[in-house]
Structure formats: C-alpha cells, structure tokens
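This report concerns only the one structure given below.
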Amino acid sequence: MCGIVGYIGNKNVFPLLLNGLKRLEYRGYDSAGIALWGQNLRIYKKKGKVTDLEEYCSDKDVTGTLGIGHTRWATHGEPSDRNAHPHTSRNGLFTLVHNGIIENYAELRKDLLRHGYTFESDTDTEVLSNLIEYFYNQEAGIDTEMAVRLALSKVVGAYGIAVLARDEPGRLIAARKGSPLVIGVGRGEYFLASDAAPIVEHTEHVVYLNDHDVAIMERGSLTLKNIENNPVTLTIRQADITIGEMEKGEFEHYMLKEIFEQPRTIEETFRGRLRTGQPEIVLGGLMDVLPEVAAARRIILIGCGTSWHAALIGEYLIEEYARIPVEVEYASEFRYRHPVLGPGDIVMAISQSGETADTLAALRMAREKGALVLGICNVVGSSISRETVAGVYTHAGMEIGVASTKAFTAQVTVLTLLALKLAHTRQTIDGEFYHGLIAELAAVPEKARAILSQHLQVKAIAAEISEAGDALYLGRGILFPIALEGALKLKEISYIHAEGYAAGEMKHGPIALVDDNLPVIVVAPRDLYYEKIISNIQEVKARKGQILAVVTEGDHQMREMADLVMEIPTAHPAVTPLLAIIPLQLLAYYIAVMRGCHVDQPRNLAKSVTVE
Ligand code: G6P
C-alpha cells in the first residue's frame with residue numbers, strides 16, 4: 001500500500017525513479033510524485049498513474065542524481081495533485097514520501113498549528129514533514145537526522161519514509177516502522193524501495209530494514225541506526241526475487257500470467273515437502289512445533305481477503321482429516337473483539353504479503369495473550385514471517401496482479417499438506433489413505449495444466465455473461481469457500497456485484513434475486529454433495545436463472561442441466577479446491593478484460609494493505 005522509491009548515486013535519477021514507481025504501482029496508483037535534487041530541489045506530482053506523472057514531467061527539468069518518489073493509495077485526503085506525495089515542510093526544509101498511517105496526526109497537526117505551521121494538503125504525511133522541521137528549528141546543533149528521529153519518536157502508527165533535506169543535498173534518509181523498506185547496495189550508490197522489485201534490475205545485494213531502523217545514505221556510505229541513535233548491524237543479503245518474475249512475458253496481464261503459472265507454483269510449494277517416494281509430507285518450517293500443533297485443543301486461522309478464503313478451506317481440511325477444532329477469523333475482527341485466547345491455542349496467520357496491517361496486529365495480540373503464533377506467507381522476510389515462531393513459505397513467487405490467484409492456490413496447497421501431516425501424526429487417517437492423498441496431491445499440477453488448456457472455452461462462456469449486473473456463486477462443503485473466492489475475483493476486477501453463498505443457504509435469501517438476468521455460477525463436481533447441489537440447480541432453473549457450472553469432466557447429467565459448463569478433471573475432494581478455482585479465476589479475468597477494466601490494478605484496491 002503506497003510505493004516508495006529513492007536513489008542516491010551518480011546516475012540520472014529520473015528514469016530510475018519512474019521505472020521504480022512503475023514496478024511498485026501494484027501497491028497503489030491514485031497519484032504519483034517525485035522530488036529530484038540537481039542544482040536545486042524540484043517536486044512534480046500528479047493525480048493518476050505513473051504514466052500521467054511521466055507525461056506531466058515531459059517538459060520539466062528532470063536532471064539530478066538524488067531523488068525520491070511515491071505512488072499513492074489514498075488514506076488521508078482524496079486522490080489529487082495536492083494530496084500526492086512528496087510533501088514539503090512549511091519553509092521547504094524537508095521533503096518526504098511516506099507509506100503507512102500516522103494515527104495521532106490530528107493531535108500533532110493541532111500542536112503544529114499552534115506553532116504557526118500551515119498545511120496545504122489533507123495528509124498525515126505533511127504533518128510529519130512539518131514536525132521534522134519543527135524539531136530541526138528547535139535548537140542549533142540539531143541536524144536533519146536527529147530531527148527525523150525526534151519527530152518519529154512522537155509518531156503513533158506505521159511508517160516507511162524517505163526524506164530529503166534542503167540543507168543537506170547529498171543525503172537520503174529512510175526509516176521504517178510497520179511499512180517495509182529495502183535498500184539496494186550498488187557501487188557508491190543506493191536504491192531505496194518498498195520492496196525489492198524496483199531494485200533487482202540494478203543490484204541483487206539488499207538490506208531489509210527492520211522496525212525502528214533509520215538509514216542514512218550518502219554517495220559511498222550507508223549507516224544504519226535505530227531511532228534511539230544506537231548503531232544497528234548492516235546485513236547485506238541476496239534479494240529474494242529475480243527480474244524474470246517481474247516481467248509479463250507473452251501474457252497481456254500479470255493476472256493471466258499468474259493464473260497460468262499455477263501448475264508450476266503448486267509444484268514449487270510441494271518442493272521438498274511432498275515426497276512421493278517414501279511417501280511422506282515434510283514441513284521443515286513447522287518441524288519443531290509440530291507435536292504442539294498436533295496436540296492443540298484448537299487452531300485459529302486468521303487472514304484477510306483471499307487469504308481468509310484459503311483459511312476457510314484449511315478449516316474444512318484440518319477438521320475433516322486431523323480432527324482438530326479450527327476457527328477461522330477475519331484478522332480485522334479478531335484483533336478487536338477480545339477473544340478467549342491463551343496458552344495452548346495455536347494462531348496461524350495466512351498472508352500473501354506478510355504485511356497486512358490487521359493480520360499483523362491480530363498476530364501480535366495473540367502472541368501477547370500467550371498463543372503459539374505461526375504463519376503461512378509468500379513474501380520471504382516479511383513482517384509476519386519474522387514475527388511468527390515458525391511457519392511455512394508458500395513459494396509462489398512474486399504476485400503482481402492485485403487480485404490474488406497463484407498465492408491463493410499456494411496457500412491452499414500448504415494447508416492441504418498441513419492437514420494431512422497433522423492427520424497422519426495424530427493417526428486420524430490410516431497409512432493407505434495418507435499415501436493415496438499424497439499421490440492425489442502430486443497429480444494436481446498436471447490436472448491444473450489440463451484445465452488451463454481449456455481457457456478458450458472459459459473465454460467463450462465469459463462472453464455470454466460479461467454484460468451481467470450481478471452474479472451469484474454457489475458451492476457446498478469445501479467448495480463453499482471456492483464460491484466465495486470466485487465471487488471475490490469477479491467483483492474485484494470487473495466491478496460486477498457478485499456474492500458467494502453456501503448453496504444450502506440459497507433458499508434463505510439469495511433465491512429472491514434469481515431471475516432470467518442472473519447468472520448463477522455453481523461449483524458442482526461429483527462429490528458427496530452432488531445430489532444436493534443438483535436440487536439447488538433445479539431451484540434456480542425453476543426461476544429461470546442461468547446456470548454456469550464447474551463440473552467433473554464427462555458429467556453428462558450436469559452438461560444437460562446447466563446452460564454452460566466448465567470442466568475439471570476427476571480428483572479427490574481434498575484436492576478439488578485447487579482445481580475448481582482455476583476456471584473461476586479465468587472467468588473473472590476474461591469478463592474484466594471484455595468490460596475494459598484495468599485487470600492488474602483494479603480501482604480503489606491495493607495489493608498489500610499496510611493500513612487498517
Ligand atoms: C488485499 C489484496 C487481496 C489480499 C488481501 C490480504 O485486499 O488486494 O488480494 O487477499 O489484501 O492480503 P495478504 O497479503 O495478507 O494475503
């Protein structure tokens with residue numbers, strides 16, 4: 001949420017900032033801005049996408065070798081030129097970009113108003129720029145760095161910031177608490193960004209800032225301190241993403257690329273864990289805590305958005321096979337509702353980014369109450385992965401499309417492995433069943449490939465309903481969360497109002513919506529619920545609703561009953577969610593493209609929600 005870039009070195013900074021912002025645009029894209037140090041400091045900002053800023057700068061002086069940039073997802077103040085970052089302090093001494101939320105900004109603003117400061121924007125960021133200036137002006141001898149530290153010590157909330165000071169034209173200062181920042185270490189040059197995406201094309205040597213770190217970059221030197229001015233050891237690591245992962249390649253959109261990557265990303269998630277030879281499941285990251293998890297009185301899975309849907313599937317799997325009670329909670333609710341929680345409880349956070357503010361806060365709350373906190377994350381080194389005692393990385397690779405696809409199937413893959421591992425450990429399933437399911441899982445990537453090879457059929461179905469105003473998704477059992485996720489995909493990227501429902505609940509409300517204008521997408525493979533869902537389909541048909549069904553291949557009965565069908569290969573119910581979601585992802589994608597929507601950057605959304 002919001003992307004920050006910065007550079008100090010000897011290269012022309014403008015293209016570096018602009019390309020960096022384009023790489024980070026998935027984090028927010030309602031306005032963008034840059035500040036450049038050349039002969040003097042210049043600031044350009046514009047409502048809209050990075051390309052709008054680029055166009056705006058086409059006749060401007062963009063020389064300079066030091067600069068910062070920002071792409072925004074609005075929190076305080078509407079998207080506008082005025083509210084776009086960077087923000088400069090009243091007397092122009094400090095210019096900064098910020099990611100996060102300063103929760104006590106109203107109070108700080110009031111104090112600053114009393115001291116004669118004025119504000120041009122509605123943002124919390126401008127408050128921070130003025131606060132830094134206020135401390136800088138307090139006494140002689142307070143330098144930029146100290147002023148930044150003093151101001152940050154007054155801030156309640158989250159920030160990742162990059163600061164330029166008018167009086168120190170050869171310095172770039174960055175600090176983080178809650179919002180990620182990474183520094184790329186080049187030869188006599190440093191790159192700063194919210195994640196490694198803009199950096200890896202320049203250098204693979206990176207430093208991940210920790211909370212309370214303050215980094216001071218000059219040409220040829222990088223110093224790391226904490227907010228109390230104590231030195232912090234610099235650890236230079238290898239970046240965990242590659243340039244190849246960030247290119248769209250032959251695909252028109254990142255989302256389509258990521259949907260098509262799923263057979264491979266599921267294999268990546270299996271790697272070293274799903275052992276078909278022995279056969280066995282090994283979850284190295286959970287090895288030390290497995291006995292405790294297996295003996296838990298209950299497991300609480302928390303997450304937001306798509307990750308919450310993965311958690312729901314985890315609940316079905318763990319309860320069904322390992323017989324451990326599972327609760328699934330929206331992190332945003334869980335953190336505030338004073339849950340009964342304590343030692344003996346396992347809280348597992350599920351998050352693609354590992355930075356979602358609500359999930360992180362819920363996790364911290366659970367840890368304070370004595371629960372064992374675990375994580376399933378995609379981004380290596382992310383806050384959630386660092387703040388959990390143990391966990392499993394999903395290894396789906398960088399996900400750029402805002403609507404999550406491959407990260408979801410990777411999460412479900414991990415939860416399936418976990419459920420089976422726990423079940424085997426607790427002996428709630430026998431060896432034969434365990435081995436059978438290992439083989440079923442191993443077959444998933446090939447089956448996923450088969451589904452993807454039929455993408456043109458899904459595209460044709462998409463054309464039939466692309467004009468719809470609403471859509472209803474129905475599923476039962478473990479496929480009910482797939483109905484929720486299918487509906488979420490559609491609404492996120494096509495802006496069609498879509499609802500997911502447990503098919504058995506349809507009679508209790510949504511059936512009132514059914515008429516000949518309503519497409520009803522039913523997830524109906526041959527499973528335990530087959531007969532039941534046939535009844536639900538008949539109920540819809542009796543009211544002239546249009547049925548699109550995800551069915552097991554060769555199911556003639558369904559083919560006759562439904563108006564349109566998307567086939568998936570026969571599979572065990574435990575692995576069917578991994579297959580059934582793929583046609584629904586494709587359906588949402590094609591509909592959104594047909595409606596002319598910006599698939600990779602849907603309106604109002606952001607990939608990583610680092611604010612409440
Ligand atoms: C945002 C994204 C969703 C994602 C959710 C949770 O809303 O747009 O795609 O599912 O955050 O994110 P996380 O990184 O915690 O999985």
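Because only heavy atoms are used, hydrogens play no part in the values below, and waters and symmetry mates are left out as well, while side chains stay in. Atoms within each ligand, like the ligands themselves, are counted from 1 in listed order.
- The single protein non-hydrogen atom nearest to atom 9 (O) of ligand 1 is Val402 O, 3.3 Å, given as residue, atom name and distance.
- Taking the charged nitrogens against the carboxylate oxygens, Arg337 and Glu329 do have a contact shorter than 4.0 Å, which makes a salt bridge.
- Using a 4.0 Å cut-off between charged nitrogen and carboxylate oxygen, Lys369 and Asp345 do not count as a salt-bridge pair.
- Ranking the protein heavy atoms by distance from atom 5 (C) of ligand 1 puts Cys304 O, 3.9 Å first.
- With respect to the salt-bridge test (charged N to carboxylate O, under 4.0 angstrom), the residues Glu25 and Lys22 do not qualify.
- If you look at Ala606 next to ligand 1, the close heavy atoms, those under 4.0 Å, all belong to the backbone.
- Distances between N or O atoms of Ser351 and those of ligand 1 include at least one value under 3.5 Å.
- Of the charged side-chain nitrogens involved, at least one lies within less than 4.0 Å of a carboxylate oxygen, so that Lys607 and Glu399 count as a salt-bridged pair.
- With Arg176 as the partner, the side chain to side chain donor-acceptor pair (under 3.5 Å) test is satisfied by one option alone out of Asp213, Asn99, Asn210, Asp211: Asp211.
- Residue contacts with ligand 1 do not include Leu605, since none of its heavy atoms lies under 4.0 Å from the ligand.
- The backbone of Lys607, and not its side chain, has at least one atom closer than 4.0 Å to an atom of ligand 1 (non-hydrogen atoms only; backbone = N, CA, C, O).
- Here the CZ-CD distance, from Arg23 to Glu201, works out to 4.5 Å after rounding to the nearest 0.5 Å.
- Using a 4.0 Å cut-off between a side-chain N of Lys or Arg and a carboxylate O of Asp or Glu, Arg264 and Glu267 do not qualify as a salt bridge.
- A salt bridge is defined here as a Lys NZ or Arg NE, NH1 or NH2 lying under 4.0 Å from an Asp or Glu carboxylate O, and Asp81 with Lys45 fails to meet this definition.
- From the protein, the heavy atom lying nearest to atom 10 (O) of ligand 1 is Thr306 N, 3.0 Å.
- When each atom of ligand 1 is checked for a heavy atom of Ser307 under 4.0 Å away, the hits are 10 (O), 13 (P), 16 (O).
- Within the structure, the closest approach of Ala407 to ligand 1 does not fall below 4.0 Å when heavy atoms are considered.
- Taking atom 13 (P) of ligand 1 as the reference point, the nearest protein heavy-atom neighbour is Thr356 OG1, 3.2 Å.
- In this structure, the protein non-hydrogen atom closest to atom 7 (O) of ligand 1 is Val609 CG2, 3.9 Å.
- In summary, of the residues considered (Glu485, Gln352, Gln411, Glu492), a side chain to side chain donor-acceptor pair (under 3.5 Å) with Thr306 occurs for Glu485 alone.
- Applying the 4.0 Å criterion to heavy atoms of Ser404 picks out, from ligand 1, the atoms 9 (O).
- For ligand 1 and Gln352, the ligand atoms under 4.0 Å from any heavy atom of the residue are 13 (P), 14 (O), 15 (O), 16 (O).
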